[in-house]
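After the structure tokens below, expect a handful of questions from me.
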Amino acid sequence: MLQQTPVSRVLEPWRAWLARWPTPAALAADPPGEAVRMWGRLGYPRRALRLHAAAVAIVERHDGEVPSDHDELLALPGVGSYTAAAVSAFAFGGGEVVLDTNVRRVLARAISGVEFPANTPTAAERRLAAELWPAEDAARWSAAVMELGALICTAARPKCGDCPIRDRCAWYAAGRPTHDGPPRRGQTYAGTDRQVRGRLLEVLRDAEDPVPAARLDLVWDDPVQRTRALESLLADGLVVRRGRAYTLP
DNA sequence: GAGACGTGGCC
DNA sequence: TGGCCAAGTCT
């Protein structure tokens with residue numbers, strides 16, 4: 001849930017989720033569409049599908065217990081480098097560096113002296129972090145640096161006045177130079193297929209029964225884009241066709 | 001490796 | 001007000 005989503009927005013859905021499905025086996029026993037429905041408006045609903053698939057894999061491959069091994073975690077659907085490291089470190093005391101967006105930004109500033117890290121983690125970044133991280137208490141360090149990035153060393157308007165490592169920060173020492181080079185992201189949304197997918201899925205989440213195609217036609221005027229979005233949802237397995245109607249899987 | 005992929009809060 | 005961005009992953 002925390003992948004690309006702020007902690008504050010995850011908290012309540014997370015509680016409700018665990019109240020309904022306290023174990024991987026409980027989640028795996030329900031249809032994947034129920035996971036998508038329960039996901040609500042958290043965004044990136046493929047994460048819900050993958051979380052369900054991960055629960056199924058945990059039941060099938062790990063006897064219902066979340067594996068503690070980093071590589072076994074990494075093999076689960078929806079679990080990438082960050083999540084494998086985070087679960088390993090925070091749940092099982094593993095020593096991996098949790099290189100999330102906060103840690104990356106803190107290292108970029110404090111060590112490299114630049115405002116922002118590259119768009120995606122580089123090998124050099126991983127090497128740097130690995131050299132810096134202590135052998136003992138690695139999880140504690142990761143949590144601490146993540147918090148520093150999330151609360152103080154924020155992307156916009158960092159609170160350098162409150163920063164405990166300001167005196168050792170290369171970026172601060174350099175006068176907080178602004179980012180140069182290519183744009184950092186490009187996350188346009190309005191008018192994209194993503195927006196259309198969101199509209200379509202919203203209707204299906206809120207419906208108990210399969211939704212006739214005619215009702216889905218109302219969510220977006222352009223039939224070409226609407227059809228493309230629906231087809232992509234079908235391809236993703238987020239939606240299934242039932243005759244002339246559509247429903248969650 | 002670039003691009004696709006949701007949603008909402010903040011200033 | 002609209003652009004930025006949030007505990008990334010997959011193709």
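Because the structure is a prediction, the values reported are computed rather than measured. All chains are named by letter (A, B, ...) in the order of the sequence lines, taking the proteins before the strands, and each is independently numbered beginning at 1.
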Which is true for Arg105(A) with a 4.0 Å heavy-atom rule: it touches a base, it touches only sugar-phosphate, or it touches nothing?
sugar-phosphate

For the side chain of Thr5(A) and the base of dG6(B), is some donor closer than 3.5 Å to an acceptor across the two?
yes

Is the shortest distance from a Lys or Arg side-chain nitrogen in Glu96(A) or Arg126(A) to a carboxylate oxygen in the other one below 4.0 Å?
no

Glu202(A)/Arg199(A) salt bridge by N-O under 4.0 Å criterion:
no

Atom CG of Leu42(A) and atom P of dC5(B) are separated, to the nearest Å, by 19 Å

Restricting to nitrogen or oxygen on both sides, can you table the protein-nucleotides 9-11 of chain B pairs closer than 3.5 Å?
none

Under 4.5 Å side-chain heavy-atom separation, chaining through any Ile, Leu, Val, Met, Phe, Trp or Tyr, what else clusters with Ile152(A)? Say none if it is isolated.
Tyr82(A), Phe90(A), Val97(A), Val98(A), Leu99(A), Val103(A), Val106(A), Leu107(A), Ile111(A), Leu128(A), Leu132(A), Trp133(A), Trp141(A), Val145(A), Met146(A), Leu148(A), Leu151(A), Ile165(A)

Under 4.0 Å between any heavy atoms, over every strand shown, what does Ala155(A) touch: base, sugar-phosphate, or nothing? Just pick one.
sugar-phosphate

Is the phosphate of dA7(C) approached by Thr101(A) (side-chain N or O, under 4.0 Å from OP1 or OP2)?
no

Determine whether Arg194(A) and Tyr44(A) satisfy the following criterion, side chain to side chain donor-acceptor pair (under 3.5 Å), listing intermediate values before the conclusion.
CA-CA 9 Å; Arg194(A) 281 158 82 183; Tyr44(A) 290 145; 3.1 Å; yes

Quick check: on DNA chain C, is the nucleotide nearest Leu74(A) upstream (toward 5') of the one nearest Asp100(A), or the reverse? Name the residue that is more 5'.
Asp100(A)

Using a heavy-atom distance cut-off of less than 4.0 Å, which residues of residues 198-206 of chain A contact DNA chain B?
Gly198(A), Arg205(A)

Can you get from Met1(A) to Leu73(A) by hopping between Ile, Leu, Val, Met, Phe, Trp and Tyr side chains that sit under 4.5 Å apart?
no

